[in-house]
Colleague: 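This is the structure, below, for whatever I ask next.
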Amino acid sequence: ALPIYVVSAQDVSRLCLTRSLLEGRLAISPCVGHAFDQARFAGRAYSDKAPGMSVLALPAAEAVGLPAPSRWRPGHDLRVWIVRVLTSGLAFVFLAFAVGRVSEGLSSRTGGIALVTFALGTIVGALAATTFGHVTAGAFCFAAFLFASRRRPVLAGLLGGLAVSVEYQTGIVVAVLAAYLGFTHRASLLRYATGLVPGVLLLGAYDWAAFG
């Protein structure tokens with residue numbers, strides 16, 4: 001999590017939504033300025049990202065007093081990096097640990113090498129200190145799979161729903177996990193669907209409030 005990357009449109013779009021949520025609104029103008037990653041609807045600018053990362057960033061953004069992008073330090077801003085580390089960075093630590101722990105459970109003395117290989121030998125490490133949703137969504141998805149494999153379908157559904165609120169594309173993973181549960185333990189499908197409800201409602205409420 002040590003790299004302090006140059007500020008990107010991802011930071012602007014997601015963290016402007018974070019600032020807007022702290023102020024009790026959803027539109028991200030004028031905070032977003034002319035950044036690329038925005039959606040226009042009814043004359044207002046909104047983030048074109050799923051809202052989950054922005055919501056997760058609320059405590060860190062409030063703690064560091066994150067200002068609008070126009071007041072960030074050019075190129076690199078330590079406050080933005082702190083927000084990244086306390087969101088995606090924490091998800092990275094959890095995900096790396098989970099991969100290592102599961103590997104150790106499958107085969108003794110493989111956990112350490114699996115953890116290091118996954119964390120440093122794949123792109124997940126490079127994305128750890130960013131506001132991209134990939135690592136966080138991946139952590140939710142992997143945790144959902146672990147709970148599904150341990151016959152905890154409600155928790156699996158809950159985490160799957162949260163993954164979709166971070167990255168829309170993880171809906172594919174949610175469907176795959178449903179198929180997995182249907183193949184291994186069909187009776188748990190209804191409980192899995194029940195677990196999905198909070199995440200789906202959160203996302204639906206955001207879309208309804210922003211876009212009608």
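For clarity, every value in this text was computed on a predicted model and none was experimentally measured.
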Colleague: Looking only at atom types and distance, does a side-chain atom of Ser188 sit under 3.5 Å from a main-chain N or O of Pro153, one as donor and one as acceptor?
Modeller: no
Colleague: Which value, rounded to the nearest 0.5 Å, describes the distance between Thr194 atom OG1 and Leu158 atom CG?
Modeller: 11.5 Å
Colleague: From Phe41 CZ over to Asp48 CG, what is the distance, rounded to the nearest 0.5 angstrom?
Modeller: 15.0 Å
Colleague: Hey, are the side chains of Leu90 and Val85 touching, using non-hydrogen atoms and a 4.5 Å cut-off?
Modeller: no
Colleague: Looking just at side-chain N and O atoms, do Ser13 and Ser47 make a donor-acceptor pair shorter than 3.5 Å?
Modeller: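 Result is yes, a qualifying pair exists.
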Colleague: Do Val174 and Val164 pass the side-chain contact (heavy atoms from CB on, under 4.5 Å) test, and can you show the C-alpha distance, the side-chain angles, and the key distance before you say yes or no?
Modeller: CA-CA 8 Å; Val174 169; Val164 175; 3.7 Å; yes
Colleague: Keeping Thr117 on the side-chain end and Ile113 on the backbone end, is there a donor-acceptor pair under 3.5 Å?
Modeller: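 Answer holds: yes.
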Colleague: In chain order, what residues pass the side chain to side chain donor-acceptor pair (under 3.5 Å) check against Ser8, with sequence neighbours excluded?
Modeller: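 Partners of Ser8 under the side chain to side chain donor-acceptor pair (under 3.5 Å) test: Asp11.
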Colleague: Under the side-chain contact (heavy atoms from CB on, under 4.5 Å) rule, what do Glu23 and Arg19 come out as? Steps first, then yes or no, please.
Modeller: CA-CA 6 Å; Glu23 296 169 1; Arg19 282 177 45 83; 3.7 Å; yes
Colleague: According to the disulfide bond (SG atoms under 2.5 Å apart) rule, which pairs have a member within residues 2-94, sequence neighbours left out?
Modeller: Cys16-Cys31
Colleague: Decide yes or no for Glu167 and Phe132: does some side-chain heavy atom of the first lie under 4.5 Å from some side-chain heavy atom of the second?
Modeller: no
Colleague: For the residue pair Leu115 and Ala96, what are the closest heavy atoms and their distance?
Modeller: CG-O, 3.5 Å
Colleague: Is there a side-chain contact between Val176 and Phe145 in this structure, where contact means two heavy atoms from C-beta onward sitting under 4.5 Å apart?
Modeller: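 In short, these two side chains do not touch, never coming nearer than 4.5 Å.
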Colleague: Got a sec: does the CZ of Arg79 have more than 12 other heavy atoms crowding it under 6.0 Å?
Modeller: yes
Colleague: So for atom CZ, which belongs to Arg101, do other residues, nucleotides or ligands contribute more than 12 heavy atoms lying within a distance under 6.0 Å?
Modeller: no
Colleague: Let me know which of Thr122, Leu120, Leu127 forms a side chain to side chain contact (heavy atoms under 4.5 Å, CB included) with Val124.
Modeller: Thr122
Colleague: Minimum heavy-atom separation for Leu58 and Leu21, please, with both atom names.
Modeller: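 Heavy atoms of Leu58 and Leu21 come nearest at CD2-CB, 3.9 Å.
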Colleague: Just by modelled atom types, is the Ala163 backbone N or O under 3.5 Å from a matching donor or acceptor in the Thr170 side chain?
Modeller: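 Side chain of Thr170 to backbone of Ala163: a pair is present.
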Colleague: Answer yes if the ring centres of Phe142 and Phe94 are under 6.0 angstrom apart, and no otherwise.
Modeller: no
Colleague: Linking I/L/V/M/F/W/Y whenever any side-chain heavy atoms sit under 4.5 Å apart, do Leu26 and Tyr168 land together?
Modeller: no
Colleague: I need the minimum non-hydrogen distance between Gln38 and Ala45, along with the two atoms involved.
Modeller: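 So the two residues come closest at OE1-CB, 3.4 Å.
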Colleague: Is the ring pair Tyr206/Phe211 parallel, tilted or perpendicular, if the boundaries are 30 and 60 degrees?
Modeller: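 Rings of Tyr206 and Phe211: perpendicular, over 60°.
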Colleague: Hey, what do you get for CD1 (Ile172) to CG (Leu177), rounding to the nearest 0.5 Å?
Modeller: 12.0 Å
Colleague: To the nearest 0.5 Å, tell me how far Ile4 CD1 sits from Arg84 CZ.
Modeller: 8.5 Å
Colleague: Is a side-chain N or O of Trp72 found less than 3.5 angstrom from the main chain of Pro67, in a donor-acceptor match?
Modeller: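 Checked: pair present.
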Colleague: Among the clusters formed by ILVMFWY side chains lying less than 4.5 Å apart, do Val7 and Tyr5 turn up in the same one?
Modeller: no
Colleague: Working to the nearest 0.5 angstrom, can you tell me the gap between His134 NE2 and Leu95 CG?
Modeller: 13.5 Å
Colleague: Heavy-atom distance under 4.5 Å between the side chains of Leu66 and Leu15, does that happen here?
Modeller: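 With C-beta onward as the side chain, the pair touches.
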Colleague: Taking side chain as C-beta onward, heavy atoms only, is Leu17 less than 4.5 Å from Pro51?
Modeller: yes
Colleague: Below 4.5 Å, heavy atoms only, C-beta onward: do Thr18 and Arg14 meet side chain to side chain?
Modeller: no
Colleague: Val154, Leu189: one ILVMFWY side-chain cluster at the under-4.5 Å cut-off?
Modeller: no
Colleague: For the CG atom on Leu106, are there more than 12 heavy atoms of other groups (residues, nucleotides or ligands in this structure) within a distance under 6.0 Å?
Modeller: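 Count over threshold, so yes.
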Colleague: Any chance you could measure Glu104, atom CD, to Phe97, atom CZ, to the nearest 0.5 Å?
Modeller: 10.5 Å
Colleague: Test side-chain contact (heavy atoms from CB on, under 4.5 Å) on Leu78 and Arg73; report intermediate values, then the result.
Modeller: CA-CA 8 Å; Leu78 187 61; Arg73 290 187 58 187; 5.9 Å; no
Colleague: Can you confirm whether Arg186 is buried at CZ, in the sense that more than 12 heavy atoms of other residues, nucleotides or ligands lie under 6.0 Å from that atom?
Modeller: no
Colleague: If you count the non-hydrogen atoms of other residues, nucleotides and ligands that lie under 6.0 Å from CG in Leu201, is the total more than 12?
Modeller: yes
Colleague: How close do Gly161 and Leu196 get, heavy atom to heavy atom, and via which atoms?
Modeller: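 Taking Gly161 first and Leu196 second, the nearest heavy atoms are N-CD2, 3.6 Å.
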Colleague: Of the non-hydrogen atoms in Ala119 and Phe92, which two are nearest, and what is the gap between them?
Modeller: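 Answer, listing the atom of Ala119 first, then Phe92: CB-CZ, 3.7 Å.
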Colleague: Does Leu22 reach the side chain of Glu62, with side-chain heavy atoms less than 4.5 Å apart?
Modeller: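 Touching, per the 4.5 Å side-chain cut-off.
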Colleague: State whether the side chain of Arg150 and the backbone N or O of Arg152 hold a donor-acceptor pair below 3.5 Å, judged by distance alone.
Modeller: no
Colleague: On a heavy-atom basis, which atom in Ser107 and which in Thr110 lie closest, and how many Å separate them?
Modeller: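 Of all heavy-atom pairs spanning Ser107 and Thr110, the closest is O-OG1, 2.6 Å.
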Colleague: Are any side-chain N or O atoms of Ser88 and backbone N or O atoms of Val135, one a donor and one an acceptor, separated by less than 3.5 Å?
Modeller: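 Answer holds: no.
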Colleague: Answer whether the closest heavy-atom distance between the side chains of Gln10 and Met53 falls below 4.5 Å.
Modeller: no
